[in-house]
Amino acid sequence: MAVCWWLLIHCLLFMSSSAHNDFFTSIGQMTDLLFTEKDLVTSLKDYIRAEEDKLEQIKKWADKLDVLSAAATQDPEGFLGHPVNAFKLMKRLNTEWGELENLVLTDMSDVFISNLTIQRQYFPNDDDQTGAAKALMRLQDTYQLDTNTISSGQLPGQHRLLQTTLAVDDCFDLGKVAYLEADYYHTELWMVQALNQLDQGETSSTVDPVTILDYLSYSVYQQGELERALQFTKRLLELDPTHQRANGNLKYFEYQLAKQKKVEHKEEGQVKVDDYLPERKTYEKLCRGVGIRMTPRRQSRLFCRYYDNNHHPRYVIGPVKEEDEWDRPRIVRYHDIVTEKEMERVKELAKPRLRRATISNPITGALETAHYRISKSAWLGAFEHPVVDTINQRIEDVTGLDVTTAEDLQVANYGVGGQYEPHFDFGRKDEPDAFEELGTGNRIATWLLYMSDVQAGGATVFTDVGAAVQPKKGTAVFWYNLHPSGEGDYRTRHAACPVLVGNKWVSNKWIHERGQEFRRRCGLQDTD
């Protein structure tokens with residue numbers, strides 16, 4: 001009975017943590033899936049052992065009867081002339097063969113199938129698989145990784161023992177996800193990778209070159225590359241001359257190629273891309289460590305110091321370590337600002353409550369999920385645990401700002417390729433109702449605490465000024481979102497770069513204007 005109750009409690013806990021899928025948006029919650037899979041593997045091995053034991057019993061029975069029947073059939077009448085042999089033959093055929101039949105018909109998979117059925121309802125769904133696939137493509141673009149690097153598992157910052165490769169089937173599935181999203185650029189990249197791996201001798205029981213070439217010819221055609229589409233189609237027809245769609249496409253591509261030059265179409269498309277996404281390019285470059293505007297003059301204005309916030313009694317003996325990360329806007333980092341124990345406690349409190357992170361709709365004000373914010377978050381109030389209250393008090397002591405009007409501590413865990421594209425933390429003039437319901441004014445400042453190291457990626461970048469801040473466990477960065485006049489500082493537009501390798505945990509404290517009237521006095525100019 002105790003075991004049944006334990007299983008019930010385990011399932012209920014798993015249900016509560018997995019009620020909202022979106023597993024791919026949080027590495028922290030995905031760890032639960034690893035342990036679930038481990039339990040299923042154990043159950044599967046138990047099933048295999050049971051089947052092996054069953055087959056061993058059947059094999060022993062067959063071997064015994066094989067020897068017996070071989071001897072009996074040499075002299076059947078002499079063998080049955082012995083009354084014991086006659087009795088045992090009757091017994092075997094009447095009773096023991098029936099018992100063997102029952103053994104053969106016994107389904108040893110019942111326990112495993114039951115366990116699998118219970119757990120499967122909490123598995124990731126198609127949306128999770130698609131989300132994880134799109135995350136890989138996002139990492140591919142942001143960090144300019146070629147498909148072979150990802151397929152071979154040779155990601156920067158990845159421990160050699162943890163490298164995992166992608167099979168032909170995996171590459172094909174990635175290409176198919178892109179195809180279903182009408183993302184023909186990534187369809188081409190991953191279908192080419194799948195084809196290359198087949199050409200190099202890798203085998204697949206589910207994918208063949210004809211299928212891949214069919215997707216390839218269409219995806220490059222959709223990108224305006226008629227000549228390459230024609231080449232892929234011809235290669236497909238060499239493998240399968242009767243392919244109906246390919247034969248039709250061959251005539252169509254030849255006709256279109258005669259009317260339209262590939263170069264003109266390609267140049268026209270390139271101009272559109274360049275003009276449309278200037279900030280996106282800046283964001284991706286900064287994530288790669290390219291284009292950071294750290295000049296010698298700026299570097300000479302950045303210092304490290306011991307800081308006690310005007311001789312605050314808490315920090316006279318042990319002042320905090322403050323480092324300038326940027327000058328305009330001023331961004332500072334505080335080192336060793338929380339302990340390992342405090343960070344682990346915050347993660348423990350947040351993990352059961354993690355839900356897909358949302359953004360505020362600028363028109364309706366409603367909270368909604370967005371493709372450009374891939375993480376899960378939870379909110380922790382000061383009353384919920386002493387460690388939260390301690391961290392809040394420390395933020396107030398260090399910054400000198402009143403945190404009683406601040407938002408609760410937001411804890412975020414990023415998922416596969418987790419990111420938050422360029423945004424402002426403060427409410428702009430075209431969003432007059434952004435924080436109206438709170439009644440505490442705009443977000444005057446941001447405190448961002450890093451609760452994990454990240455092997456690769458995951459930087460916080462400021463796209464307007466070309467700054468990049470790397471995550472470092474136990475440190476916090478702080479900046480003002482508003483000028484002393486209350487006007488928004490548009491230089492604070494920032495983004496969280498995709499996590500390439502690792503598990504990124506952060507917590508945010510957004511401090512509001514109310515309560516700061518005598519702690520940060522207004523300036524006379526808009527941009528003082």
Side-chain angles (χ1 to χ4, degrees), residues 129-155 165-202 204 206-240 243 245-257 260-274 276-277 280-281 284 371 416-417 498 500:
Q129 184 173 335
T130 299
K134 290 163 74 173
L136 274 178
M137 297 173 208
R138 185 164 57 249
L139 293 172
Q140 181 180 359
D141 293 342
T142 303
Y143 298 104
Q144 293 188 338
L145 303 172
D146 60 65
T147 53
N148 190 59
T149 298
I150 298 175
S151 181
S152 60
Q154 297 174 355
L155 299 178
T165 59
L166 294 175
V168 170
D169 297 355
D170 300 322
C171 296
F172 175 79
D173 287 341
L174 284 167
K176 195 170 180 182
V177 166
Y179 176 82
L180 293 173
E181 295 285 325
D183 177 1
Y184 301 113
Y185 169 72
H186 286 106
T187 302
E188 176 195 349
L189 293 180
W190 284 104
M191 290 300 176
V192 167
Q193 180 63 33
L195 191 63
N196 287 342
Q197 290 182 207
L198 282 177
D199 291 343
Q200 291 166 10
E202 190 175 328
S204 169
T206 58
V207 183
D208 57 64
V210 169
T211 305
I212 295 173
L213 286 165
D214 195 16
Y215 278 100
L216 259 178
S217 62
Y218 185 75
S219 63
V220 295
Y221 161 69
Q222 285 291 339
Q223 296 176 78
E225 299 186 46
L226 285 168
E227 194 168 325
R228 291 186 64 217
L230 187 61
Q231 291 172 358
F232 284 129
T233 302
K234 288 179 177 178
R235 182 176 173 185
L236 188 161
L237 289 170
E238 289 175 2
L239 298 172
D240 183 3
H243 197 285
R245 183 166 52 249
N247 277 297
N249 287 344
L250 180 67
K251 296 175 182 178
Y252 179 74
F253 293 155
E254 288 175 337
Y255 169 74
Q256 288 291 333
L257 197 59
Q260 183 179 5
K261 292 183 179 179
K262 178 193 71 172
V263 174
E264 292 174 349
H265 191 101
K266 187 174 181 181
E267 287 177 351
E268 180 184 331
Q270 186 63 45
V271 170
K272 288 180 181 178
V273 173
D274 287 344
Y276 184 62
L277 297 172
R280 177 76 196 186
K281 288 193 170 185
E284 292 182 350
H371 71 277
V416 182
L500 180 56

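A distance of 9.5 Å separates CG of L213 from CD of E238, quoted to the nearest 0.5 Å. To the nearest 0.5 Å, atom NZ of residue K234 and atom CD of residue Q231 are 8.0 Å apart. With rounding to the nearest 0.5 angstrom, the CG atom of L145 is 13.5 Å from the CE atom of M137. For the atom pair CD (E202) and CG (N196), the distance works out to 11.0 Å, reported to the nearest 0.5 Å. Separation of atoms CG (L174) and CD (Q129) is listed at 9.0 Å; rounding is to 0.5 Å. Interatomic distance, L230 CG to K251 NZ, rounded to the nearest 0.5 Å: 13.5 Å.
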Q. When you look at T233 and N249, which way does the side-chain hydrogen bond (donor to acceptor under 3.5 Å, both in side chains) test go after all the steps?
A. CA-CA 7 Å; T233 302; N249 287 344; 5.3 Å; no
**Q.** Worked check of side-chain contact (heavy atoms from CB on, under 4.5 Å) between F172 and L198
**A.** CA-CA 11 Å; F172 175 79; L198 282 177; over 6 Å; no
Q: Begin with the C-alpha distance, continue with both residues' side-chain angles, and end with the deciding distance and a verdict on side-chain contact (heavy atoms from CB on, under 4.5 Å) for Q223 and R228.
A: CA-CA 10 Å; Q223 296 176 78; R228 291 186 64 217; 6.0 Å; no
Q: Kindly determine whether R245 and Y218 satisfy side-chain contact (heavy atoms from CB on, under 4.5 Å), including the steps that lead there.
A: CA-CA 11 Å; R245 183 166 52 249; Y218 185 75; over 6 Å; no
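Surrounding CD of E254 are more than 12 heavy atoms belonging to other residues, nucleotides or ligands, all under 6.0 Å away.
Residues L195 and M191 fail the side-chain proximity criterion, which asks for heavy atoms closer than 4.5 Å. For the pair R235 and L216, the minimum side-chain heavy-atom distance is 4.5 Å or more. Side-chain contact check for F232 versus Y221: every heavy-atom pair is 4.5 Å or farther apart.
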Distance-only donor-acceptor hits, side chain of residues 175-184, under 3.5 Å, sequence neighbours excluded:
residue	atom	partner	partner atom	Å
D183	OD1	H186	N	3.3
D183	OD1	H186	ND1	3.3
D183	OD2	H186	ND1	2.6

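Side chains of T211 and D214: a donor-acceptor N/O pair is absent below 3.5 angstrom, by distance only.
Judged by distance alone, the side chain of R138 and the main-chain N or O of G417 form a donor-acceptor pair under 3.5 Å. With hydrogens and angles ignored, the 3.5 Å screen pairs no side-chain donor or acceptor of Q193 with any backbone N or O of S151. A side-chain donor-acceptor contact under 3.5 Å links S152 to the backbone of N148. A donor-acceptor pair under 3.5 Å links the side-chain atoms of Y143 to the main chain of P498, judged by distance alone.
The shortest non-hydrogen separation linking S217 to A229 is O-CB, 3.4 Å.
Judged as a side chain to side chain contact (heavy atoms under 4.5 Å, CB included), and not counting sequence neighbours, the contacts of D170 are L166, A167.
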